[in-house]
Amino acid sequence: MSEKIAEIVEKIKTLSLVEAAELKKALEEEFGVTAAAPVVMAGGPVAGGDAAPAEEKTEFDVILQSAGDKKINVIKVVRQHTGLGLKEAKDLVDGAPKTVKEAVSKDEAEKIKKELEEAGATVTIK
């Protein structure tokens, strides 16, 4: 760093916050630039390094979109997988779209979805 720049930096260090803000504004007006902080893009590769692979999703939610025509069969499957009582399972099915099971493995989510669809329900996995 040149002596000139070092001298300016030392003078800037003595400014109050208000004075530094005024200096920033004056420099922006004088040179027609803006003093914005550099922004790092989230998820972008880091210079000199390899980008880390994205983590694979390991937990899924099974969401009942609608019960369909065979609501009683859907209630039975919901009870089987959630351990809810009859009234709670019925309320869940009646209140669709509702989450039936949260944070389950992909295999378990697919199994529950298959059984609910066989019972006549419309299901999504997120």
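Only this structure's heavy atoms are used, side chains among them; waters, hydrogens and symmetry mates stay out.
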Is the shortest distance from a Lys or Arg side-chain nitrogen in [X] or [Y] to a carboxylate oxygen in the other one below 4.0 Å?
X: E110; Y: K106; value: no
X: K98; Y: D91; value: no
X: E10; Y: K13; value: yes

ask   = Cut-off 3.5 Å, side chains only: do E108 and H81 have a donor facing an acceptor?
value = no
What closest approach, in Å, do [X] and [Y] show between heavy atoms, and which atom pair accounts for it?
X: A103; Y: E59; result: CB-OE1, 3.6 Å
X: A67; Y: K71; result: CB-CG, 4.1 Å
X: T82; Y: V78; result: OG1-O, 2.7 Å

So, taking the atom named [atom1] in [X] and the one named [atom2] in [Y], what distance separates them when rounded to the nearest 0.5 Å?
X: D61; Y: I125; atom1: CG; atom2: CD1; value: 10.0 Å
X: S105; Y: K111; atom1: OG; atom2: NZ; value: 10.0 Å
X: E30; Y: L23; atom1: CD; atom2: CG; value: 11.5 Å

Check: [X] side chain, [Y] main-chain N or O, donor-acceptor pair, under 3.5 Å:
X: N73; Y: G120; result: no
X: T99; Y: E102; result: no
X: R79; Y: A89; result: no

Decide whether [X] and [Y] are clustered together by the hydrophobic rule: side chain heavy atoms of Ile, Leu, Val, Met, Phe, Trp, Tyr closer than 4.5 Å, transitively.
X: I12; Y: L27; result: yes
X: V18; Y: L15; result: no
X: V104; Y: I63; result: no
X: V77; Y: F60; result: no
X: I8; Y: L17; result: no

inquiry  = Could you tell me if the side chain of Q80 sits less than 4.5 Å from the side chain of E115, heavy atoms only?
reply    = yes
request  = Identify the residue among I112, V74, T124 that makes a side chain to side chain contact (heavy atoms under 4.5 Å, CB included) with L64.
outcome  = V74
Crowding at NZ, K76 (>12 non-hydrogen neighbours, <6.0 Å) = no
task = Start with the C-alpha distance between V123 and Q65, add both sets of side-chain angles, then the distance that settles side chain to side chain contact (heavy atoms under 4.5 Å, CB included), and finish with yes or no.
result = CA-CA 5 Å; V123 181; Q65 296 298 324; over 6 Å; no
ask   = Where do T122 and E117 land on the side chain to side chain contact (heavy atoms under 4.5 Å, CB included) test, with the steps shown first?
value = CA-CA 6 Å; T122 305; E117 287 177 341; over 6 Å; no
